Amino acid sequence: MKKVFKPAIWVFLTCLASIAMAPKTVSEPEPIAPREAKPQARKVKDLVIYQDERFYSSFPSIIKKPNGEYLLAFRRAPDRKGFGEKGTSHVDPNSYLVAVRSKDGENWTKEPELIYSHAFGGSQDPCLLQLKNGDILCASYGWAFLRPDGVENLKKPFFKGGDAYFLGGYLVRSTDGAKTWQGPIYPLHIEPEINYSPLGGTPIPAYNRGALYEGKSGRIYWVVASSDSNSPKKTSNHLIVSDDKGLTWKYQSVVAIDDKASFNEASAYETPKGDIIGFLRTADMDDQACIARSTDGGKSFKWEKMGFQGHPMQAMRLADNRVMLVYGYRHKPYGIRARILNAECTDYKTAPEIVLREDGGNGDIGYPWSVQLDKNRVLVVYYYNLNNGTRHIAGSILELK
């Protein structure tokens, strides 16, 4: 039996965060959705996108390039049972960022191509962003594996996950349609983050797993995580922005912080009216999904519970300006779920829940990401397992109503 591990960013992010500030909340919540409300999409089919018994494949993201080709990135690492080991972890020295391609969203290349192999450790959770000028960004973060004599010399505090030490975040960039990648680009270190990198003892650069978003002005929004305290161990979310296509970054504001709960993996979104939104994963909050909203361009945010469980989330604007919100469901029955929100994302408590899958082998599944195939169909990709089998990249095609 394969041992189940929590995702790497979950392992360390649920163990960290928070500064001495009062939590921000919003006005009275909207009523819960009526039982008779009907979902606004139906599932057409499920498909396996990539599976290889030798590899633990997970944490996908997907974009549609200007030429119509789909690019799906994911993290691939050896399935450790091949070495006779008892289990496979989400932290591995041979975890690389790879990609497969498709012309129609259903038929995919068989052999993944390399996006990036970190020079000093394993990489996690490639998060793709297609920019309006055609450039592609891919955000990730890394883990280093040290010998004992190196551990003795680490600058404190640092974060250890399993046998690895956290390196912080980075991005790579392509200007030729993902044929080649440049980088890494290291974002700034944000002040609330207290941990140091095992590489040189410098403050770790900003990081997180989740969708970045390019707004109407061309500004890129990235909701990052911060380890604000190791005792108690909590994390908070913060907004950093880039005005030069992801080459440099600056700190903008606190997105969500609490004196008891943690906020970590998050996706950013800008509504047609210009509100900046963060869809946030939490810890110590009964797995409640949370939303943070800024009505002043990201200078300040207010957060609240969304009224349902699930994590992490990703938001994608549909052709009609509605928003497809997808998330994993790591409670029985394990699976993948979604909601279709209005254009301004104000009806998350009343939007009917769409169950895409509920046949997962255990909680080691999820991390969905969506893309619109055509006017009537959406592809949602995620990592999955059946009967605790090989972790693989799968997808579901939905027909919109």
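Owing to the predicted nature of the structure, the values given are computational and were not obtained by experimental measurement. Both backbone and side-chain heavy atoms feed into the values below; hydrogens, waters and symmetry mates do not.
For Lys299, the NZ atom sits in a loose shell: 12 or fewer heavy atoms of surrounding residues, nucleotides or ligands are nearer than 6.0 Å. Within 6.0 Å of the NZ atom in Lys216, the count of heavy atoms belonging to other residues, nucleotides or ligands exceeds 12. No more than 12 heavy atoms of other residues, nucleotides or ligands lie within 6.0 Å of CG in Asp163, so this atom counts as exposed by the packing criterion.
Closest approach of Ile190 to Ser226, counting heavy atoms only: CD1-CB, 3.8 Å. When all heavy atoms are compared, the tightest approach of Ile194 to Asp228 is CG2-O, 3.5 Å. Closest non-hydrogen pair, Pro78 versus Thr88, comes out as O-CG2, 3.8 Å. Heavy-atom minimum distance, Phe279 versus Cys345: CZ-SG, 4.1 Å.
The residues Lys81 and Asp79 are annotated as salt-bridged, a charged nitrogen and a carboxylate oxygen being separated by less than 4.0 angstrom. The existence of a salt bridge linking Asp275 and Lys273 is excluded, since no basic side-chain nitrogen approaches an acidic carboxylate oxygen closer than 4.0 Å. Taking 4.0 Å as the cut-off between side-chain N and carboxylate O, Arg293 and Glu304 do not count as a salt-bridged pair. With respect to Arg101 and Glu113, a salt bridge is recorded, a charged nitrogen being found less than 4.0 Å from a carboxylate O. Taking the charged nitrogens against the carboxylate oxygens, Asp135 and Arg173 do have a contact shorter than 4.0 Å, which makes a salt bridge.
A cation-pi arrangement is present between Arg337 and Tyr329 under the rule of less than 6.0 angstrom and at most 45 degrees off the ring axis. Stacking of Arg339 on the aromatic ring of Phe308 is recorded, both the 6.0 Å distance cut-off and the 45° axial limit being met. With Tyr383 as the aromatic partner, Arg391 does not meet the cation-pi criteria of under 6.0 angstrom to the ring centre and within 45 degrees of the ring axis.
One distance of note links OH of Tyr348 with CG of Leu341; it measures 9.5 Å at 0.5 Å rounding. The distance from atom OG1 of Thr282 to atom CG of Asn237, rounded to the nearest 0.5 Å, is 10.0 Å. To the nearest 0.5 Å, atom SG of residue Cys138 and atom CG of residue Leu71 are 8.5 Å apart. Between the CZ atom in Phe59 and the CZ atom in Phe74 there is a gap of 12.5 Å [rounded to 0.5 Å]. Residue Ser140 holds its OG atom at 9.5 Å from OH of Tyr116, rounded to the nearest 0.5 Å. Atoms CH2 and OG, on Trp143 and Ser89 in that order, are 9.0 Å from each other to the nearest 0.5 Å.
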Would you please test His311 and Asn264 for side-chain hydrogen bond (donor to acceptor under 3.5 Å, both in side chains) and show each step? CA-CA 10 Å; His311 64 259; Asn264 41 67; over 6 Å; no
Pair Ile393-Val100, side chain to side chain contact (heavy atoms under 4.5 Å, CB included): steps then yes or no: CA-CA 10 Å; Ile393 306 301; Val100 289; over 6 Å; no
Test log, rule side chain to side chain contact (heavy atoms under 4.5 Å, CB included), inputs Arg357 and Lys43: CA-CA 9 Å; Arg357 301 283 295 264; Lys43 185 173 74 170; 3.8 Å; yes
Run the side-chain hydrogen bond (donor to acceptor under 3.5 Å, both in side chains) test on Thr109 and Tyr50 for me, step by step, so that the C-alpha distance in whole Å, both residues' side-chain angles and the decisive distance to 0.1 Å come before the verdict. CA-CA 9 Å; Thr109 52; Tyr50 175 80; over 6 Å; no
Verdict with supporting geometry, Met306 and Gln288, side chain to side chain contact (heavy atoms under 4.5 Å, CB included): CA-CA 7 Å; Met306 299 179 75; Gln288 288 293 307; over 6 Å; no
List the steps, then state whether side chain to side chain contact (heavy atoms under 4.5 Å, CB included) holds for Tyr384 with Asp359. CA-CA 9 Å; Tyr384 217 63; Asp359 58 347; 2.6 Å; yes
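Side chain of Lys260 to backbone of Met285: no donor-acceptor contact under 3.5 angstrom is found. The backbone N or O of Gly215 lies less than 3.5 Å from a partner atom in the side chain of Lys132, making a donor-acceptor pair. A donor-acceptor contact shorter than 3.5 Å is absent between the side chain of Asp287 and the backbone of Ala283. Between the side chain of Asn321 and the backbone N or O of Ala343, no donor-acceptor pair lies under 3.5 Å.
Residue Trp249 is tested with Trp222, Tyr170, Tyr186 for a ring-ring contact (aromatic ring centres under 6.0 Å, His included); the sole match is Trp222. The side chain to side chain contact (heavy atoms under 4.5 Å, CB included) test with Leu379 singles out one residue from Leu398, Ile62, Leu72, and that residue is Ile62. Applying side chain to side chain contact (heavy atoms under 4.5 Å, CB included) to Arg76 and the options Tyr96, Phe55, Tyr56 leaves one that passes, Phe55.
For the residue pair Thr390 and Glu53, a side-chain donor N or O sits within less than 3.5 Å of a side-chain acceptor on the partner. Judged by distance alone, the side chains of Asp125 and Tyr141 do bring a donor and an acceptor atom under 3.5 Å apart. For the residue pair Asp176 and Ser174, a side-chain donor N or O sits within less than 3.5 Å of a side-chain acceptor on the partner. Side-chain polar atoms of Ser197 and Tyr165 form no donor-acceptor pair below 3.5 angstrom. Ser294 and Asp296 form a side-chain donor-acceptor contact under 3.5 Å, judged by distance and modelled atom types alone. Between the side chains of Ser262 and Asp284, not a single donor N or O lies within less than 3.5 Å of an accepting N or O. Side chains of Tyr269 and Arg317: a donor on one and an acceptor on the other come within 3.5 Å. Using a 3.5 Å distance cut-off with no hydrogens or angles, the side chains of Asn385 and His392 do not pair a donor with an acceptor. If you check the side chains of Glu193 and Tyr207, you find a donor sitting under 3.5 Å from an acceptor.
Applying the salt bridge (charged side-chain N to carboxylate O under 4.0 Å, His left out) test to every pair with at least one member in residues 367-386, sequence neighbours left out, gives these pairs: Glu106-Arg377, Asp374-Arg377.
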